[in-house]
Amino acid sequence: MKTGSPTDLMVPGIRIPRDFYLRDVLDVAPDLIGKNLVLKYKDGSYFRYTLTEVEAYRGTEDKACHASKGKTSRTSVMFGNGGLLYIYLIYGMYWMLNIVTGTNEEPQAALIRGIGGISGPGKLTKILGIDRSFYGEDLVTSERIWLEDTGIKPPYKTGPRIGIDYAGEYWKSVPWRYFL
DNA sequence: TCAGTGATTAGG
DNA sequence: CTAATCACTGAG
């Protein structure tokens with residue numbers, strides 16, 4: 001069994017059900033802080049890391065959200081029900097891990113920016129081995145990746161989202177980044 | 001500050 | 001087909 005950093009709760013919890021993800025991303029994203037991300041590998045080993053940093057991307061209005069350019073083959077999963085993973089490659093090197101939220105035709109997702117002691121969305125997917133093959137994976141039914149609720153709700157801070165200079169002043173400034 | 005790196009997208 | 005873009009990272 002692989003374990004995380006000393007900051008991890010490292011407490012097994014209960015798999016989070018569908019309803020959790022079907023809410024608005026502005027409710028789900030802060031609720032993700034303190035939840036455990038669990039990965040099970042083919043050799044039987046586990047990762048169980050606490051989510052420490054998350055960003056919300058919300059709807060076609062949000063100029064920072066990939067769905068603002070409409071539904072494409074890449075973003076299609078965001079237009080479905082919550083609980084599935086939206087994965088994409090950025091700068092030719094880094095896979096981004098996003099959790100789709102909301103209900104049908106409400107394109108939303110939460111970007112996972114930090115887990116356990118690992119800070120940075122590109123670094124964590126590299127360490128976890130998350131790639132293209134996780135696109136559309138369902139956190140509610142998957143045998144290799146899911147979220148657990150330990151019942152602990154740590155206090156969190158908020159701030160503007162990172163790396164979205166192209167989105168314009170307003171969308172750049174909304175405090176949709178949540179972190180420990 | 002800046003290069004690396006390649007999928008995705010819009011446009012011809 | 002071409003070219004621009006990019007929810008990042010690590011080196012200097």
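Source: prediction; values computed, not measured. Letters A, B, ... are given to chains in the order of the sequence lines, protein chains preceding strands, and every chain is numbered from 1.
- Linking ILVMFWY residues whenever their side-chain heavy atoms come closer than 4.5 Å, directly or via other members, leaves A:Leu22 and A:Trp146 in distinct clusters.
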Quiz item: Does the pair A:Phe47 and A:Ile145 meet the rule for a side chain to side chain contact (heavy atoms under 4.5 Å, CB included), with working shown?
Solution: CA-CA 9 Å; A:Phe47 267 110; A:Ile145 185 169; over 6 Å; no
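- Under the 4.5 Å side-chain heavy-atom criterion for ILVMFWY residues, a single connected hydrophobic cluster contains both A:Leu124 and A:Leu39.
- No continuous path of hydrophobic side-chain contacts links A:Val25 to A:Phe179 [ILVMFWY only; heavy atoms under 4.5 Å].
- Residues A:Ile162 and A:Ile99 are members of separate hydrophobic clusters, defined by side-chain heavy-atom contacts under 4.5 angstrom among Ile, Leu, Val, Met, Phe, Trp and Tyr.
- Nucleic acid contact for A:Met93: base, since at least one base atom lies under 4.0 Å from a heavy atom of the residue.
- For residues 87-107 of chain A, the pairs satisfying ring-ring contact (aromatic ring centres under 6.0 Å, His included) are A:His66-A:Tyr88, A:Tyr86-A:Tyr88, with sequence neighbours left out.
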Self-check item: Residue pair A:Ile164, A:Tyr57: steps toward the side chain to side chain contact (heavy atoms under 4.5 Å, CB included) verdict
Solution: CA-CA 11 Å; A:Ile164 51 165; A:Tyr57 290 85; 4.0 Å; yes
Exercise. For the pair A:Thr50 and A:Asn36, evaluate side-chain hydrogen bond (donor to acceptor under 3.5 Å, both in side chains) and give the outcome as yes or no after the intermediate values.
Key: CA-CA 4 Å; A:Thr50 303; A:Asn36 281 345; 3.1 Å; yes
Practice problem: List the protein contact pattern of nucleotides 7-12 of chain B with one symbol per nucleotide (5' to 3'): B for base contact, S for sugar-phosphate-only contact, - for none; contact means a heavy-atom distance under 4.0 Å. | Solution: SSS---
Exercise. Given side chain to side chain contact (heavy atoms under 4.5 Å, CB included), test A:Leu85 with A:Ile130 step by step and report yes or no.
Key: CA-CA 11 Å; A:Leu85 296 184; A:Ile130 288 172; 5.9 Å; no
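- Considering A:Thr125, A:Leu128, A:Leu97, A:Ile87 in turn, A:Ile87 is the only one that fulfils the side chain to side chain contact (heavy atoms under 4.5 Å, CB included) rule with A:Phe134.
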Exercise. Treat a base pair as Watson-Crick or G-U wobble with both distances under 3.5 Å, then lay out DNA chain C in dot-bracket form, 5' to 3', with | for cross-strand pairs.
Key: ||||||.||||.
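- Among the atoms of the strands shown, base atoms are found under 4.0 Å from some heavy atom of A:Leu111.
- Within 6.0 Å of CD on A:Glu143 lie no more than 12 heavy atoms contributed by other residues, nucleotides or ligands.
- Along DNA chain C, read 5' to 3', the first and last nucleotides having any atom under 4.0 Å from a heavy atom of chain A are C:dC6 to C:dG10.
- A heavy atom lying under 4.0 Å from DNA chain B marks none of the residues of residues 166-180 of chain A.
- Put simply, OG1 on A:Thr141 and CD on A:Glu137 are 7.5 Å apart, with the number rounded to the nearest 0.5 Å.
- Note on residues 18-30 of chain A: pairs passing side-chain hydrogen bond (donor to acceptor under 3.5 Å, both in side chains), not counting sequence neighbours, are A:Arg18-A:Asp138, A:Arg23-A:Asp31, A:Asp24-A:Arg58, A:Asp24-A:Gln108.
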